[in-house]
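This report concerns only the one structure given below.
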Amino acid sequence: MGHLDHAAYGWLTPALSYAMASIGAALGLRCTVRALAATGPSRRNWLLTAASAFATCIWTMHFIAMLGFHITGTEIHYDVPLTLLSLLVAVLVVGAGLFAVGYGKDHGRSLVLGGLTTGLGVASMHYLGMAALRLHGKVSYDPLIVGISVAIAVVAATAALWAALHIKAPLAVTGASLLMGAAVSSMHYTGMMAVGVRVTPSAEPLPGATALQFIFPLAVGLGSYLFVTAAFVALSPTGDDRAVPVPVPVAVRAAAAAPAPARASGSVAGPAPGPVPARAPASGYAPRADRPAPSSH
């Protein structure tokens, strides 16, 4: 059996992977909270953003941690199509879980279904990523520890979705994100504890790409995407911001509500004509209709 080192660079890769998992949880929770407060296409768009941010962060966390994974006696390469497939699976399955919560009528059933789906998606991403390893030797797994890691993923995902449904305050979301980051990191390193490798020394070149050739540049690109997503979430107005009415003076509202006077076709704009007042005679005498007017001779 080859010697497995899960932290070849010390605490650097575990700390970075934990930070990435926490950022992903925070973005996913904030986007899900926005989605639950929205309706129509806006809800769908927020859920898609939550799924992409959460799944991308978890995937990046996994491979940042894998940068510190070394095996004595063999190099480690990665199958590029299978590695990208693990990212796609993570986005699709996590998205399915979030949509179950976002559009479910029964919150209890939706939470269980969404947590199970999202947790299995996280676990699938992890073990698909492990299946993409190319090395001189054979990889084996302890079924009991694998089961524990999957259970941790399901519990962590369910807890994250519960937090999205019930926690709204930014400080509470931050605390939940840190706990979620710890749970996701625990799931990863528990899964890594299930790995055993029997090394078969060989001089043949390994297929695939090294971590620095493929994983590191992709992680940087995804990190940039997450930075842009975080800025978008931070700068987007909340539903409370949109609900604040703009004060309008009473006189302006009354003038806007008054009907405009009708105008004749082709007339020149101007004030509407009013009634013509009656003019009295110059003498100040107004003849009555019931007596004759005085004779002129």
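Nearest approach of Ala160 to Leu29, heavy atoms of both residues: O-CD2, 3.0 Å. In plain terms, the two heavy atoms of His70 and Ala8 that are nearest each other are ND1-CB, 3.6 Å. The two residues Ser110 and Val101 have their closest heavy-atom pair at O-CG2, 3.6 Å. Between Gly28 and Ala50 the shortest heavy-atom distance is O-CB, 3.8 Å. Taking all atoms of both residues into account, the shortest heavy-atom contact from Val154 to Leu120 is CG2-N, 4.2 Å.
Taken from CG in Leu67 to NE2 in His62, the straight-line distance is 10.0 Å, to the nearest 0.5 Å. Taking OG1 of Thr72 as the reference point, atom CG of Asp5 lies at 7.5 Å (rounded to 0.5 Å). The distance from atom CG of Leu87 to atom OG of Ser52, rounded to the nearest 0.5 Å, is 10.0 Å. Atom-to-atom distance recorded for Thr49:OG1 and Arg30:CZ is 13.5 Å, nearest 0.5 angstrom. Here the OG-CD1 distance, from Ser185 to Ile152, works out to 11.0 Å after rounding to the nearest 0.5 Å. If you take OG1 on Thr56 and CD1 on Ile23, they are separated by 13.0 Å, rounding to the nearest 0.5 Å.
No side-chain donor-acceptor contact under 3.5 Å links Thr118 to the backbone of Gly115. When atom types are taken as modelled, the side chain of Ser86 and the backbone of Thr83 share a donor-acceptor pair closer than 3.5 angstrom. Remark: the backbone N or O of Asp79 is not paired with any side-chain donor or acceptor of Arg134 at under 3.5 angstrom. Side chain of Thr74 to backbone of His136: a donor-acceptor contact under 3.5 angstrom is found. Put simply, the side chain of Ser17 never gets that close to the backbone of Ile64: no donor and acceptor are under 3.5 Å apart. A distance-only check finds a donor-acceptor pair linking the side chain of Arg43 to the backbone of Gly102 [under 3.5 Å].
Criterion: ILVMFWY side-chain heavy atoms under 4.5 Å apart, direct or through other members. Under it, Val33 and Met180 are not part of a common hydrophobic cluster. Val146 and Met125 fall within the same hydrophobic cluster, where Ile, Leu, Val, Met, Phe, Trp and Tyr residues are linked whenever their side-chain heavy atoms come under 4.5 Å apart, directly or through other members. Following chains of ILVMFWY side-chain contacts shorter than 4.5 Å, one cannot reach Leu92 starting from Val94, and the two form parts of different hydrophobic clusters. Note: the hydrophobic cluster containing Ile76 also contains Leu4 (ILVMFWY, side chain heavy atoms under 4.5 Å, direct or indirect links). When the side chains of ILVMFWY residues are joined at heavy-atom separations under 4.5 Å, either directly or via intervening members, Val93 and Leu111 end up in two distinct hydrophobic clusters.
Using a 4.5 Å heavy-atom threshold, the side chains of Met66 and Met130 count as touching. The closest side-chain heavy-atom distance from Val122 to Met187 is below 4.5 Å. Side-chain contact between Tyr189 and Pro14: present, with at least one pair of heavy atoms (C-beta onward) separated by less than 4.5 Å. Looking only at side-chain heavy atoms (C-beta outward), Trp46 and Thr32 stay at 4.5 Å or farther from each other. Within the 4.5 Å cutoff, no side-chain heavy atoms of Phe54 are placed close to those of Val91.
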So Val195 and Val197, side chain to side chain contact (heavy atoms under 4.5 Å, CB included) or not? Walk me through it. CA-CA 7 Å; Val195 176; Val197 178; 4.0 Å; yes
Stepwise, does the side chain to side chain contact (heavy atoms under 4.5 Å, CB included) test hold for Thr210 with Tyr78? CA-CA 6 Å; Thr210 66; Tyr78 293 88; over 6 Å; no
Is there a side chain to side chain contact (heavy atoms under 4.5 Å, CB included) between Phe99 and Leu48 once you walk through the steps? CA-CA 8 Å; Phe99 270 77; Leu48 289 173; 3.9 Å; yes
Is there a side chain to side chain contact (heavy atoms under 4.5 Å, CB included) between Leu98 and Leu161? Walk through the geometry before answering. CA-CA 8 Å; Leu98 291 176; Leu161 295 177; 3.3 Å; yes
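Identified under the side chain to side chain donor-acceptor pair (under 3.5 Å) test for residues 144-167, with sequence neighbours left out: Tyr127-Ser149, Trp162-His166.
Heavy-atom contacts from other residues, nucleotides or ligands closer than 6.0 Å to OH of Tyr9 number 12 or fewer.
Aromatic ring orientation, Trp59 versus Phe63: tilted (interplanar angle from 30° to 60°).
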